[in-house]
Amino acid sequence: MASLTLDRLTKRYGDTTVVRDVSLDVRDGEFLVLLGPSGCGKTTTLRMIAGFVPPSEGSIRIGERPVTDLPPWKRNAGLVFQSYALFPHMTVAENVAFGLEMRKAEKAEIEPRVREALRLVRLDGYGDRYPRQLSGGQQQRVALARALAIRPDVLLLDEPLSNLDAKLRLEVRLEIRALQQQLGLTTVMVTHDQEEALTMADRLVVMSDGEVRQIGSQADLYETPTDLFVANFVGRSTMIAGTIYAPGAFRSEGGLELTCPPGPVTGLATMSLRPERLTIGPDAARLDNHMRGSVAFVSYLGGLLDVHVRLNDRDQVVVQIPNRGDVFVPAIGDQVEVGWPAAACLVFPRETN
Amino acid sequence: MASLTLDRLTKRYGDTTVVRDVSLDVRDGEFLVLLGPSGCGKTTTLRMIAGFVPPSEGSIRIGERPVTDLPPWKRNAGLVFQSYALFPHMTVAENVAFGLEMRKAEKAEIEPRVREALRLVRLDGYGDRYPRQLSGGQQQRVALARALAIRPDVLLLDEPLSNLDAKLRLEVRLEIRALQQQLGLTTVMVTHDQEEALTMADRLVVMSDGEVRQIGSQADLYETPTDLFVANFVGRSTMIAGTIYAPGAFRSEGGLELTCPPGPVTGLATMSLRPERLTIGPDAARLDNHMRGSVAFVSYLGGLLDVHVRLNDRDQVVVQIPNRGDVFVPAIGDQVEVGWPAAACLVFPRETN
Amino acid sequence: MMLDGRIFGRMALFGTAYLTLGFILLPLFFVTWLAFFAQEIPSFPPEGYTLKWFGAIADNRNFATGFLTSLQVAIAATLIGLALGVPASLILARQTFLGSSAINQLLLLPIVVPGIVLGTSIYVFQIETEIATGLPVLGSMGGLVAGHALLVIPWTVRLVTASLTGLDRAAEEAAQSLGADQWTTFRRVTLAAIRPGVVAAALFGFVASFGNLEMSLFLVAPGSITLPIAILQYLEWKIDPTVAAVSVLQIALIGGAMIITDRYVKLARVV
Amino acid sequence: MMLDGRIFGRMALFGTAYLTLGFILLPLFFVTWLAFFAQEIPSFPPEGYTLKWFGAIADNRNFATGFLTSLQVAIAATLIGLALGVPASLILARQTFLGSSAINQLLLLPIVVPGIVLGTSIYVFQIETEIATGLPVLGSMGGLVAGHALLVIPWTVRLVTASLTGLDRAAEEAAQSLGADQWTTFRRVTLAAIRPGVVAAALFGFVASFGNLEMSLFLVAPGSITLPIAILQYLEWKIDPTVAAVSVLQIALIGGAMIITDRYVKLARVV
């Protein structure tokens with residue numbers, strides 16, 4: 001394993017820049033996730049690391065080795081695809097052995113390493129089957145074993161769970177993460193699924209429009225997003241449009257006067273609130289911001305309740321409350337007290353697009 | 001619209017009984033969801049209602065009309081399929097008009113009703129397109145419009161959202177529900193997705209192995225599941241295996257002495273706990289059941305934290321805490337106090353399979 | 001270096017594609033050119049261009065009656081082939097029963113068995129039928145059409161099967177739930193969905209029958225003639241651009257039919 | 001009532017499937033039966049059974065040399081057809097360029113253009129080439145093989161294209177990331193994936209060439225003979241079970257080849 005460094009990586013197709021100035025340091029053994037909506041440049045970035053897309057500018061190093069100009073077959077990167085991309089005409093064992101053959105490994109060496117790789121993904125004894133005889137989850141585990149068998153310097157995962165159904169996704173997610181930690185694999189994964197990203201990553205990179213928006217831990221992204229895009233994309237948010245007219249003073253378009261932490265933003269602004277930071281009921285009165293509203297909709301989600309509260313003609317918030325036996329559950333149309341601390345307010349300049 | 005009554009409906013194929021003694025009353029205008037894992041008989045039940053599968057025993061009534069022996073084309077049931085099942089060679093408008101033509105409606109009557117149905121699903125102006133020119137979400141809305149245009153007595157939805165991606169699924173879910181309420185449609189939907197079921201249904205039917213396990217509201221199923229299967233299938237649960245040795249007294253296999261509501265269960269039993277009913281930290285000491293444990297794993301899910309606490313060699317519980325700014329977040333390895341009220345314990349006889 | 005290799009490899013592939021195309025088109029292009037040469041003995045350079053050879057076709061009684069016979073036989077054979085092949089494809093695509101996959105393979109036989117073998121088989125079969133029943137089978141129009149229908153069936157089975165795989169069975173159930181009974185569902189949904197396949201099958205079946213030589217050589221009545229036989233006989237005693245003109249006409253007819261069909265159903269999707 | 005309707009409809013469909021099959025198989029079955037009849041003039045009832053007609057094949061010089069010529073030509077034509085058709089299919093399936101879909105259609109022409117037209121075209125093309133270059137093209141083995149190669153190309157293009165659509169491009173990228181350079185990737189992944197298509201194309205191309213009559217009639221050298229021509233000539237002066245025996249041998253050969261190929265690659269998947 002080795003570290004991975006991207007330095008001001010840029011990719012242009014004609015006049016279109018699909019990746020702009022991406023610089024990253026992936027530490028040895030770290031699980032880094034590139035997270036963003038489709039078209040944000042995350043997949044192009046991964047394909048530049050793998051060597052399938054030549055960068056327009058910038059450089060890539062694996063450990064101390066510059067690989068920017070190397071073809072894919074000289075980069076020693078293990079790649080796992082969304083579509084599994086197994087060789088349909090080879091058995092599972094032949095699939096896993098392929099990379100070792102390419103490295104001109106001896107027959108005597110290949111066999112135990114294939115067995116070891118299959119054991120790692122809990123597919124011992126499946127070596128003689130063909131990919132089409134396996135379930136989707138098993139196929140993806142074969143793809144993982146194939147990538148691991150070559151002892152890659154970095155492991156690259158391209159939406160590896162998207163083709164699996166919900167239950168399997170959860171299972172394979174845990175398996176990949178456990179294996180990555182056990183073997184200390186330097187890993188870059190691309191996904192658009194924030195839950196997947198949050199549960200698997202050591203560190204996350206949020207991308208949009210070809211640029212890096214924020215790099216940080218789960219808590220960094222969730223608690224202190226650097227812009228509205230990240231606040232919106234990671235976790236759920238209620239947005240209130242308004243104006244910062246004095247430090248720490250926000251007036252919503254619906255006329256609410258709200259207190260927020262003083263910050264650099266002035267003028268047109270958007271306040272982002274996490275649903276679970278809001279309080280409903282009598283306790284709300286003690287909080288920095290509190291007001292009355294009427295319940296518009298209650299959604300029962302088992303362990304959670306979402307209460308949509310209409311504050312005035314323009315402003316509405318969602319309050320998420322854990323469904324504990326003793327909890328107060330309002331009904332549609334009820335007048336309720338809602339509140340939240342100033343510290344729960346994230347305020348960003350209004351984005352004009 | 002009309003009510004729908006199933007009376008002791010049974011379907012056997014040779015020696016295999018795939019649906020056994022299903023009796024249901026769907027009220028006029030009610031949204032009923034059949035929920036269960038694949039192979040539980042929910043789809044066969046729906047297909048019996050639609051008329052594609054003749055029941056081995058039992059009867060079906062739509063309103064006062066017995067339909068058990070009618071072919072599908074005489075049942076006046078609107079059907080929406082997982083695969084949309086649009087007619088590829090007809091335009092959107094022709095698809096929607098098909099059912100009206102079959103009813104020998106006048107041309108002058110068909111056109112406004114097609115327009116009305118497309119307006120309902122917010123596809124005004126799409127009438128001249130072909131299905132292949134539409135997105136998956138739009139196609140499913142056309143399928144819905146087609147089913148609604150015939151003013152069906154009951155609307156049957158067969159996993160209508162499974163083929164859509166996550167974001168679209170949420171959107172179409174809200175749309176279907178809003179339309180169903182607006183038009184007062186008697187609706188039966190089949191799904192294996194509990195979140196979908198919980199957010200859409202007026203009432204739910206949990207099925208397994210061809211039988212109805214429980215019928216009730218979201219709260220009924222979540223708060224008072226009738227058996228371990230329902231407790232497990234609806235919402236998340238932590239299971240603790242043990243024995244009821246006296247009324248309200250449970251001893252876990254790992255040796256925990258726990259208090260639970262006195263009930264009919266004795267002997268080998270399983271306790272089911274909802275993660276959000278557990279408390280972690282000093283407050284736990286005040287609760288009926290409390291003990292020390294060590295944190296095995298913390299999973300950060302944005303608005304929620306899952307804390308896995310190991311209580312002893314055999315027993316482990318998951319505590320879900322809302323991620324509020326002021327919350328105490330333990331680290332892996334920490335010794336913590338965990339507790340829950342007796343009322344949070346659901347106890348079921350141990351299932352032997 | 002890497003890029004050079006890729007470009008070189010790609011050029012080689014493109015080259016072969018065009019070479020293959022040229023290999024196929026060159027003779028066809030050539031025969032077309034020749035049909036317009038002024039001189040009777042085709043040779044280079046052309047002494048001038050004329051349309052008279054196309055006129056000569058109409059004057060040749062064999063070509064005219066051969067064309068009519070071929071047309072009649074091809075139309076009748078196509079109709080019979082579709083009438084047998086479409087229901088057979090429907091059942092084979094939808095039902096798995098004992099021997100269904102074997103039947104599926106066997107229905108393709110007339111494409112694989114050499115024309116001369118097929119011709120011989122039908123020839124002796126018809127002779128024996130005639131001997132056994134005393135009916136005039138051999139040399140009758142019915143016998144010729146029956147033989148040609150064999151050529152249409154494999155095309156029908158393949159193309160209709162291919163277009164059926166694109167049809168979601170749920171669409172048929174949807175139609176029934178909307179009030180269509182089984183016959184209406186079949187007519188409005190199933191048949192409509194396989195129509196591209198049926199149209200393509202009719203086209204290819206027609207062409208296969210119209211251009212067939214072997215079967216006709218065996219089965220045609222004495223004194224009767226089909227267009228391919230007329231061309232063969234003409235070439236036995238004379239080579240002039242008339243025969244090129246006949247070829248050009250046939251290519252133009254088939255090309256035109258394909259282009260029109262392609263407008264209607266994308267052939268590339270079903271063939 | 002409803003069920004009755006369904007059962008009746010289903011019976012009708014099954015009936016047609018079997019009727020269609022019978023329509024195709026009956027003549028083939030018949031010619032097989034006849035090949036074992038003892039009497040020289042085939043008639044019913046058979047006077048006994050014998051294998052002597054199969055022996056008579058070997059004694060007939062035309063059949064023996066014709067078989068050899070057909071075999072040589074078919075093998076050579078198949079190899080040339082594959083060499084041109086496989087790369088062309090690769091580029092056409094993978095790249096979209098100006099005219100690529102038109103080329104895809106045009107490569108199917110030899111299946112659609114009547115054999116007699118194709119034969120005429122190549123005939124006049126070869127005559128003119130011979131006149132223009134002075135090289136002995138017409139009647140040469142090379143000329144005959146080139147003509148037959150035309151018959152192999154459409155099969156190759158269709159079957160290889162069909163098998164390529166089953167190959168995930170990501171599999172090629174996976175191979176590269178595992179250390180395979182472009183040539184190794186092509187050899188180990190791409191070629192391996194299209195092998196069923198290539199095998200099937202070789203089979204069908206071989207059969208198309210081996211059984212072809214029209215092209216050979218035009219292009220064969222004076223004094224030379226192919227098996228279909230030999231059969232045609234034999235039938236012109238004599239009808240006895242020998243010709244049935246030749247047909248049976250060919251059907252058996254082709255059937256055997258198909259069964260063996262089917263073991264190796266499922267023909268139903270690619271054809």
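Below, chains carry the letters A, B, ... as their sequence lines are ordered, and counting in each starts from 1. The model shown is predicted, which means the values in this text are computed figures rather than measured ones.
Both the backbone and the side chain of D:L150 come within less than 4.5 Å of a heavy atom in chain C. Only the backbone of C:A83 comes within contact range of chain D, with at least one heavy atom under 4.5 Å from a heavy atom of that chain. For chain C, the nearby part of D:L25 is the side chain; its heavy atoms alone come within less than 4.5 Å. Heavy atoms of C:I153 lying under 4.5 Å from chain D belong exclusively to its side chain. At a 4.5 Å heavy-atom cutoff, the contact between C:I254 and chain D is made by side-chain atoms alone. Only the side chain of C:F218 comes within contact range of chain D, with heavy atoms under 4.5 Å apart. Proximity to chain D (any heavy atom under 4.5 Å) is shown, for C:F29, by neither the backbone nor the side chain.
D:S121 contributes atom OG, which lies 10.0 Å from atom CG of C:L34 (distance to the nearest 0.5 angstrom). In this structure, CZ in C:F125 is found 11.0 Å from CH2 in D:W33, a value given to the nearest 0.5 Å. A distance of 6.5 Å separates CD1 of C:I80 from CZ of D:F23, quoted to the nearest 0.5 Å.
Ranked by heavy-atom pairs under 4.5 Å with chain D, the first of C:S247, C:S89, C:G211 is C:S247. Of the listed residues D:F210, D:F186, D:Y123, the one with more heavy-atom pairs under 4.5 angstrom with chain C than any other is D:Y123. Comparing D:P154, D:G115, D:P228 by how many heavy-atom pairs each has under 4.5 Å with chain C, the most go to D:P228. Put simply, of C:G81, C:G119, C:A208, C:A146, the one with the most heavy-atom pairs under 4.5 Å next to chain D is C:A146. For chain D, the option among C:L107, C:V113, C:I122, C:L26 with the highest count of heavy-atom pairs below 4.5 Å is C:L107. The residue among D:I231, D:L217, D:L28, D:L84 with the most heavy atom pairs within less than 4.5 Å of chain C is D:L84. Counting heavy-atom pairs under 4.5 Å between each of C:T32, C:I116, C:V243, C:V248 and chain D puts C:I116 at the top. The candidate with the highest count of non-hydrogen atom pairs below 4.5 Å against chain C, out of D:L109, D:L235, D:N212, is D:L235.
Contact check for D:V157 versus C:T20: no side-chain heavy atoms found under the 4.5 Å cut-off. For the pair D:T16 and C:I91, the minimum side-chain heavy-atom distance is 4.5 Å or more. For the pair D:I111 and C:W155, the minimum side-chain heavy-atom distance is below 4.5 Å.
No option in C:V124, C:V117, C:L118 other than C:V124 meets the side-chain contact (heavy atoms from CB on, under 4.5 Å) test with D:V31.
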